[in-house]
Amino acid sequence: MSKTQNKLPMVHSPPTDTRQDEIPANLPALNSMTRRELITTGGKLVVAAAVSSAFSPFTINVTAAPVKTLSFWQFYGPGGQVSTQSKWFEDCVKGWNATHDVKVELQYIPNTEYMNGSKLQTAFASGQGPDIFIISPGDFLRYYNGGVLVDLTPYMEEAARKDFFPNVMETRIVDDKIYGLPMEVEPMAMYYSVKAFKEAGLSETDIPKTWDQFLELARKLTKGNRFGCLFETTPGYYQTFTWYPFMWQGGGDIATKDGKGSAFASPGTVQALKFWQDAIQQNVAPRNFLGGGAWDVVANLASGYCAMQNLGIWGVSALRENAKDFEYGVFPLPLPPNGQPKTDLGGWAFVANAKGKSPEDAAKFCVWALGSMQDDSIQRIVDWCTKAKSDISPRKSALDKATAEGGYSIAAMKSFKDEIFPTGRGEPRVPPEVYKAVSDAIQACQLGGADPKHTAEEASQRIESFLAGYTGAPLR
């Protein structure tokens, strides 16, 4: 997913109803001449006009074609709810428009319509999709399989391709071709309230390393109207995103390594389903949340509604902007018996519409903005990840520069960069049908009290059945 603004999340939660029709592969393309072609053609007409006027009474008037404008859909600006993030997008587009004939125009789509609604999918289904837009890895296959993503690789320098971290790019590449350029990386961790710890007689030395220790600590921290911990309970891509690391820690996975069969009915999957279920059944985690969602750290952790919260790195900037005096800490996700440290690397990426007005110019914009070795492209990522927001840079050069500038100097950011990010794996890209099977399993166990083993087996059968006839890009 995705993953958040300070007030609106960069969540990985497209609409709950994921059984929407796939994007038609035969969406009509809008063909038009490039500006260079227009200039060249126009020049010939002007010459013809001059010759004609010398030998005949006829005059040919040539009218310049209107400047082509590409639409850029996203949920940040102009005029988004977080001014620093809106300004970053506005400055990015202004920088391009000042030096290019083909212009880009931002179109702000409210969060509820972009991530939790169907506006983007509906636009593509009707052949009216934006020229440039942003997507999370979790929804990558919807658009790739629909044939609407441009291969960005031809427009990138080799050095720039190598500059992106492999574990960040793995779910944006098909057949060694890059179809999305990430602006950020958003690993998951646990946040805790220093005040709540102190009230319970706890300190940093009590930070849990295992699931059992975590639940025991959550029981100690549950008091009055305060819950010990908080996990996402709303079905959606964001919920599955936040749950995946717990499955991976125990060796579980969605699909086999070749992506052709289900691997969901494994002990790692079963114990992860049970862990989230235990938190609810032991009454140390709530069924509901406060504020905008379970990603909202200010409304939930800072308000005292919970003492620990499963959250991504975006929480650092949210607290920095909206709860400056709140004392908190961050620690890696606790582990099951014999588990391995894992986190989920989410984040949004710029993509170009292969069926848009000018796919080539849209692709060039994406690369200019985020995928060039030019100083301004690198600095743009530095500014987004450490100034406009709080993220890990998806590029090595930008991470080094941001570190040198002090962007990861505070304790929370340093922990994410040095301890949590290295354990990350790219957010899985799965077709909507596979996502739905996983989401239903989480919901059935977490809130419905279903048997984790039986539920995992049923979901695995659904996944296996779908993959038997699947012909799209590989899941892994």
Side-chain angles (χ1 to χ4, degrees), residues 1-3 9 11-22 115-118 121 136-142 145 171 188 230-256 259-281 285-289 293-295 310 336 344 346 427-470 472 475-476:
M1 202 169 231
S2 255
K3 220 159 178 263
V11 296
H12 290 69
S13 50
T16 299
D17 177 13
T18 60
R19 295 180 177 275
Q20 300 178 45
D21 294 335
E22 291 289 352
M115 291 187 286
N116 300 323
S118 59
Q121 295 93 319
S136 70
D139 215 22
F140 174 87
L141 290 182
R142 182 195 302 273
N145 290 342
T171 52
M188 296 292 297
L230 176 66
F231 294 101
E232 176 62 83
T233 56
T234 303
Y237 274 80
Y238 177 64
Q239 184 185 46
T240 57
F241 168 81
T242 62
W243 178 81
Y244 287 138
F246 299 97
M247 175 182 66
W248 294 336
Q249 288 174 345
D253 217 321
I254 300 171
T256 55
K260 296 180 180 179
S262 174
F264 198 69
S266 69
T269 297
V270 173
Q271 66 181 9
L273 291 171
K274 188 175 187 304
F275 176 51
W276 274 33
Q277 182 184 75
D278 287 344
I280 295 291
Q281 292 187 345
R287 289 174 170 267
N288 301 303
F289 47 78
W295 49 265
N310 184 33
D344 205 344
E427 178 188 2
R429 63 183 191 203
V430 294
E433 293 84 354
V434 174
Y435 147 76
K436 190 64 166 59
V438 175
S439 178
D440 287 349
I442 296 172
Q443 284 288 299
C445 294
Q446 185 187 32
L447 300 183
D451 176 68
K453 187 174 186 300
H454 178 67
T455 301
E457 290 171 348
E458 283 191 337
S460 185
Q461 290 173 4
R462 288 173 58 185
I463 294 171
E464 187 75 33
S465 176
F466 171 77
L467 292 178
Y470 176 66
L475 277 62
R476 302 184 64 177

task = Please assess L467 against L475 for the test side-chain contact (heavy atoms from CB on, under 4.5 Å), listing each intermediate value before the final yes or no.
result = CA-CA 10 Å; L467 292 178; L475 277 62; 4.0 Å; yes
query = Given the rule in the side-chain contact (heavy atoms from CB on, under 4.5 Å) test, do I442 and W276 qualify, once you have shown the distances and angles that lead to the verdict?
reply = CA-CA 8 Å; I442 296 172; W276 274 33; 4.2 Å; yes
inquiry  = Between E464 and F264, is the side-chain contact (heavy atoms from CB on, under 4.5 Å) condition met? List the steps.
reply    = CA-CA 9 Å; E464 187 75 33; F264 198 69; over 6 Å; no
key: Chi angles and distances behind the side-chain contact (heavy atoms from CB on, under 4.5 Å) call for Q271, Q249   = CA-CA 10 Å; Q271 66 181 9; Q249 288 174 345; over 6 Å; no
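In this structure, R462 CZ and S262 OG are separated by 11.0 Å, a value rounded to the nearest 0.5 Å. Expressed to the nearest 0.5 Å, how far CG of L447 lies from CD of Q277 amounts to 10.0 Å.
Partners of S266 by side-chain hydrogen bond (donor to acceptor under 3.5 Å, both in side chains), not counting sequence neighbours, listed by chain and number: T269. Looking at residues two or more places apart in sequence or on another chain, you find no side-chain hydrogen bond (donor to acceptor under 3.5 Å, both in side chains) involving T455. With sequence neighbours excluded, no residue satisfies side-chain hydrogen bond (donor to acceptor under 3.5 Å, both in side chains) with T171. With sequence neighbours excluded, the residues that form a ring-ring contact (aromatic ring centres under 6.0 Å, His included) with F466 are Y470. By the side chain to side chain contact (heavy atoms under 4.5 Å, CB included) test, P428 pairs with Y244, W248, I254, D344, V430, sequence neighbours left out.
Legend: salt bridge (Lys or Arg N to Asp or Glu O under 4.0 Å) pairs involving residues 230-252, not counting sequence neighbours: none detected.
Across Q281, Q239, K274, a single residue satisfies side chain to side chain donor-acceptor pair (under 3.5 Å) together with Q446, and that is Q239.
The aromatic rings of F275 and F246 sit tilted, their planes meeting at an angle between 30° and 60°.
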